[in-house]
Each structure stands twice: as C-alpha cells, then as structure tokens.
**Student:** 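Sending over a structure as structure tokens; questions will come in a sec.
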Amino acid sequence: MYEMSKSIVRRMADPKYISRYFVGDGIDIGGAPDPLAQYAEQFPGMHSVRVWDINDGDARHMHGVADESYHFVHSSHCLEHLTDPIEGLKNWFRIIKPGGYLIVLIPDEDMYEQGVFPSTFNSDHKHTFTLYKTKSWSPVSINLLDLLKTLGPAADIQSILQLNATFRYNTQRLDQTMTPIGDCAIEFVVRKRLAMELERGGRFSER
C-alpha cells in the first residue's frame, strides 16, 4: 500500500531529510512501483535517484554497482525479501560514498506478521525484523541492532524509529498497511563515516 509514499509527509517535517539525507545522487533499491524520485521536488538537494528493482539484478549483491557510487541509498520494504539480509545490507552500505547515508524501511514483525510465519500478508518475506528482543516467536527473526553491528566501524547510526503512530493495537488481526495511513514499520538511518573519522575513532574538532 505504497509505504514509501506514506513516509513523505513525516520526512518533509524533519529538516534532516532535506538538508542531509536526501542530498546529491541516490539509488532507490526496490523502488518500483512507488519510487522516491516522484517526490524529488520536495527535497531540493536531491539531484537524481536511480531505481534499482528486480529487473536490474539481485539486490543482495548489487552487481555492477561500484563501491562508493552514491551519496545516499534508500530502500522501502525490500530487505525482508532478500535471502541474506546481512549480505544485502553490507552491499547497500558498500555503494555509499563516505559521508553519505543509508535510509531503510522494514516491517516490524509484531505489527506486520503478528505472530505468524510464513507471513500471512506477504508470502515472499524471507525474514522478520524487530528492534531488539531476547526471544521471538518468529523462526527467522533478526534483531535490527545486531544487524547494524555487521556494518562495522564505518556505520554511524543516526536514527532508529518504530513507526507505530497509526497502529491499532486493539483491533482484530489484519494487514494494517492496507489502510491509507497504516504504519507497521521500522526506519533506520546510517551515515558512512569518513576515513579520517575511522582513523581517529570518531569525529572531533581539531581546535
């Protein structure tokens, strides 16, 4: 139900998307049929956004895309379809320029799958995701905090947000994303550290 489009009003209200995250040339992984580029006029610093979808190749590998090619990588509800999300996320991070950003939306397993796997609402989901739990009902659950650790020291985590403002906890079991405002997701933003930051163990002033 066009989850990327649902995010636009929220993102327009946050100046970081306009001044930092969506700046320069980007790639939108799994962007069809709801590409980020259709809202380019809302983000004046955005120069171009290439859509990468199934016809371009496996998003797990991103074959043919050179290291450090883009200022930002965006993906809305694609990571859960990959056979190996760890490898996929590493390759998405690989193609970001130092100082650039990775912006990703994934479904939250408790709000979306709601205790059932294989997923009732999307049979192509290969994994489920949660921010962090010591125990999950899902046999293929991935803790996001553990996943982000696999990106290594260059990963500067900027934001992790559970999108539950419109989620109805007390209704019957249904796919709430099929409603115009239903959010059942987690969004995370990771900045790629500069080489100087990696050498010094972080960013600090020389003054």
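Keep in mind that the numbers below use all heavy atoms, side chains included, and drop hydrogens, waters and symmetry copies.
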**Student:** Can you list the steps and then say if Y21 with Q158 is a side-chain contact (heavy atoms from CB on, under 4.5 Å)?
**Tutor:** CA-CA 10 Å; Y21 303 161; Q158 300 282 298; 3.9 Å; yes
**Student:** Of the non-hydrogen atoms in K6 and T177, which two are nearest, and what is the gap between them?
**Tutor:** NZ-O, 2.8 Å
**Student:** Within a 6.0 Å radius of atom CD1 on I54, are there more than 12 heavy atoms belonging to other residues, nucleotides or ligands?
**Tutor:** no
**Student:** Looking only at heavy atoms, which two atoms of A185 and M111 are closest? And how far apart?
**Tutor:** N-CE, 3.7 Å
**Student:** Is there side-chain contact between L102 and V189, with at least one heavy-atom pair below 4.5 Å?
**Tutor:**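 A side-chain contact under 4.5 Å is absent here.
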**Student:** Side chains of T166 and D183: do they bring a donor and an acceptor to under 3.5 Å?
**Tutor:**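 Distance-only check fails for T166 and D183.
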**Student:** Decide yes or no for I29 and W52: does some side-chain heavy atom of the first lie under 4.5 Å from some side-chain heavy atom of the second?
**Tutor:** yes
**Student:** Say whether, by atom type as modelled, one donor and one acceptor occur between the side chain of E87 and the main chain of D84 under 3.5 angstrom.
**Tutor:**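 Here the side-chain-to-backbone pair does not exist.
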**Student:** Start with the C-alpha gap between I96 and Y70, add the side-chain angles, then the distance that decides, and say whether side-chain contact (heavy atoms from CB on, under 4.5 Å) holds.
**Tutor:** CA-CA 5 Å; I96 301 172; Y70 293 97; 5.8 Å; no
**Student:** Would Q38 and M4 count as a side-chain contact (heavy atoms from CB on, under 4.5 Å) if you check the C-alpha gap in whole Å, the side-chain angles of each, and the deciding distance to 0.1 Å?
**Tutor:** CA-CA 11 Å; Q38 66 188 312; M4 197 290 301; 3.9 Å; yes
**Student:** With a 4.5 Å cut-off on side-chain heavy atoms, are I157 and F188 touching?
**Tutor:** no
**Student:** Please tell me whether F129 and V140 are part of a single hydrophobic cluster in this structure, the criterion being side-chain heavy atoms less than 4.5 Å apart.
**Tutor:**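 No, separate clusters.
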**Student:** Could you tell me if the side chain of M12 sits less than 4.5 Å from the side chain of Y39, heavy atoms only?
**Tutor:** no
**Student:** Using a 3.5 Å distance criterion without hydrogens, assess whether the side chain of E3 forms a donor-acceptor pair with backbone atoms of S76.
**Tutor:**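 No, E3 side chain to S76 backbone: no donor-acceptor pair under 3.5 Å.
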**Student:** Please round to the nearest 0.5 Å and tell me the distance separating atom CG of L147 and atom CG of L79.
**Tutor:**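 The CG atom of L147 sits 6.5 Å away from the CG atom of L79.
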**Student:** What is the minimum heavy-atom distance between G202 and R193, and which atoms define it?
**Tutor:**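 That closest heavy-atom pairing would be CA-NH1, 4.4 Å.
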**Student:** Return yes if some donor-acceptor pair links the side-chain N/O of S69 with the main-chain N/O of A66 below 3.5 Å, else return no.
**Tutor:**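 Yes, S69 side chain to A66 backbone: donor-acceptor pair under 3.5 Å.
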**Student:** Under 30°, 30 to 60°, or over 60°: which ring-plane class applies to F167 and Y169, parallel, tilted or perpendicular?
**Tutor:**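 F167 vs Y169 ring planes: perpendicular.
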**Student:** May I ask you to check whether over 12 heavy atoms, not counting those of R173, lie within 6.0 Å of atom CZ?
**Tutor:** yes
**Student:** Can you name the nearest heavy-atom pair linking F93 to V190, along with the distance?
**Tutor:** CE1-CG1, 3.9 Å
**Student:** With rounding to the nearest 0.5 Å, note down the distance linking CG in L198 to CZ in R203.
**Tutor:** 12.5 Å
**Student:** Any cation-pi pair here, K192 with Y101, using under 6.0 Å and within 45°?
**Tutor:**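 Checked: cation-pi criterion not met.
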**Student:** With the threshold set at 4.0 Å, does a side-chain nitrogen-carboxylate oxygen contact exist between R60 and D58?
**Tutor:**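 Judged by the 4.0 Å cut-off on N to carboxylate O distance, R60 and D58 do not form a salt bridge.
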**Student:** With clusters defined by side-chain heavy atoms of hydrophobic residues (ILVMFWY) lying less than 4.5 Å apart, directly or transitively, does L163 cluster with I181?
**Tutor:** no
**Student:** Measure the NE2-CG distance between H74 and L105 for me, rounded to the nearest 0.5 Å.
**Tutor:** 5.5 Å
**Student:** Hey, what do you get for OG (S119) to CD (E109), rounding to the nearest 0.5 Å?
**Tutor:**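 One gets 11.0 Å once the value is rounded to the nearest 0.5 Å.
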**Student:** So among V73, I95, D67, which one has a side-chain contact (heavy atoms from CB on, under 4.5 Å) with M62?
**Tutor:** I95
**Student:** In this structure, would Y132 and V104 fall into the same cluster of hydrophobic residues linked by side-chain contacts under 4.5 Å?
**Tutor:** yes
**Student:** Is the backbone of E80 close enough, under 3.5 Å, to the side chain of H127 for a donor and an acceptor to pair up by distance?
**Tutor:** no
**Student:** Any non-hydrogen side-chain atom of Q114 less than 4.5 Å from a side-chain atom of D175?
**Tutor:**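 The answer is no, as the side chains (C-beta and beyond) never meet within the 4.5 Å cut-off.
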**Student:** Is it the case that atom NZ in K149 sees more than 12 heavy atoms from other parts of the structure closer than 6.0 Å?
**Tutor:**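 Count not over threshold, so no.
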**Student:** With a 4.5 Å cut-off on side-chain heavy-atom distances among I, L, V, M, F, W and Y, is there a chain of contacts connecting L161 to I186?
**Tutor:** no
**Student:** Contact between D25 and S48 at the side-chain level, heavy atoms closer than 4.5 Å - yes or no?
**Tutor:**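 D25 reaches S48 side chain to side chain.
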**Student:** Do you know which two heavy atoms are closest between K90 and T150, and how far apart they sit?
**Tutor:** CE-O, 3.2 Å
**Student:** How are the rings of Y112 and F121 set relative to one another: parallel (under 30°), tilted (30 to 60°) or perpendicular (over 60°)?
**Tutor:** perpendicular
**Student:** Are the ring centres of F72 and F22 closer than 6.0 Å?
**Tutor:** yes
**Student:** Is the side chain of D124 donor-acceptor paired with the backbone N or O of H81 at a distance under 3.5 Å, no angle test?
**Tutor:** no
**Student:** Looking at OG1 of T179 and CG of L174, how far apart are the two atoms once the value is rounded to the nearest 0.5 Å?
**Tutor:**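 T179 atom OG1 to L174 atom CG measures 8.0 Å (nearest 0.5 Å).
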**Student:** Hydrogens and angles aside, do S7 and E187 bring a side-chain donor and acceptor to less than 3.5 Å of each other?
**Tutor:** no
**Student:** Taking all non-hydrogen atoms of both residues, which atom of A59 and which atom of L82 are closest, and how far apart?
**Tutor:** CB-CD2, 3.9 Å
**Student:** Look at atom CZ of R20 and say whether more than 12 heavy atoms of other residues, nucleotides or ligands are closer to it than 6.0 Å.
**Tutor:** no
**Student:** Would you say the side chain of T130 lies within less than 4.5 Å of the side chain of S141, judging by non-hydrogen atoms?
**Tutor:**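 S141 vs T130: side chains touch.
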**Student:** Hey, does L131 have a side-chain heavy atom less than 4.5 Å from the side chain of I160?
**Tutor:**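 Yes, close enough: below the 4.5 Å cut-off.
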**Student:** Got a donor-acceptor contact below 3.5 angstrom from the D28 side chain to the L36 backbone?
**Tutor:** yes
**Student:** Strictly below 4.0 Å, N to O, side chains only: are R94 and E68 in salt-bridge contact?
**Tutor:**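 Not counted as a salt bridge, because no side-chain N and carboxylate O are separated by less than 4.0 Å.
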**Student:** Would you please say whether a donor-acceptor pair under 3.5 Å links the side chains of T120 and E113?
**Tutor:**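 The answer is no; no qualifying pair exists.
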**Student:** Grouping I, L, V, M, F, W and Y whenever their side-chain heavy atoms are under 4.5 Å apart, do V49 and W92 come out in a common cluster?
**Tutor:**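 No, because V49 and W92 fall into different hydrophobic clusters, even though each may have its own neighbours under 4.5 Å.
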**Student:** When you measure from the side chain of D14 to the backbone of R11, do you find a donor-acceptor pair of N or O atoms at a distance under 3.5 Å?
**Tutor:**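 Checking the backbone N and O of R11 against the side chain of D14, no donor-acceptor pair under 3.5 Å is found.
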**Student:** Can we say R191 and E197 salt-bridge, meaning some charged N sits less than 4.0 Å from an Asp/Glu carboxylate O?
**Tutor:**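 Looking at E197 together with R191, the answer is yes, because their closest N to O distance falls below 4.0 Å.
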**Student:** Whether K133 and D110 form a salt bridge (side-chain N of Lys/Arg under 4.0 Å from carboxylate O of Asp/Glu) is what I want to check.
**Tutor:** yes
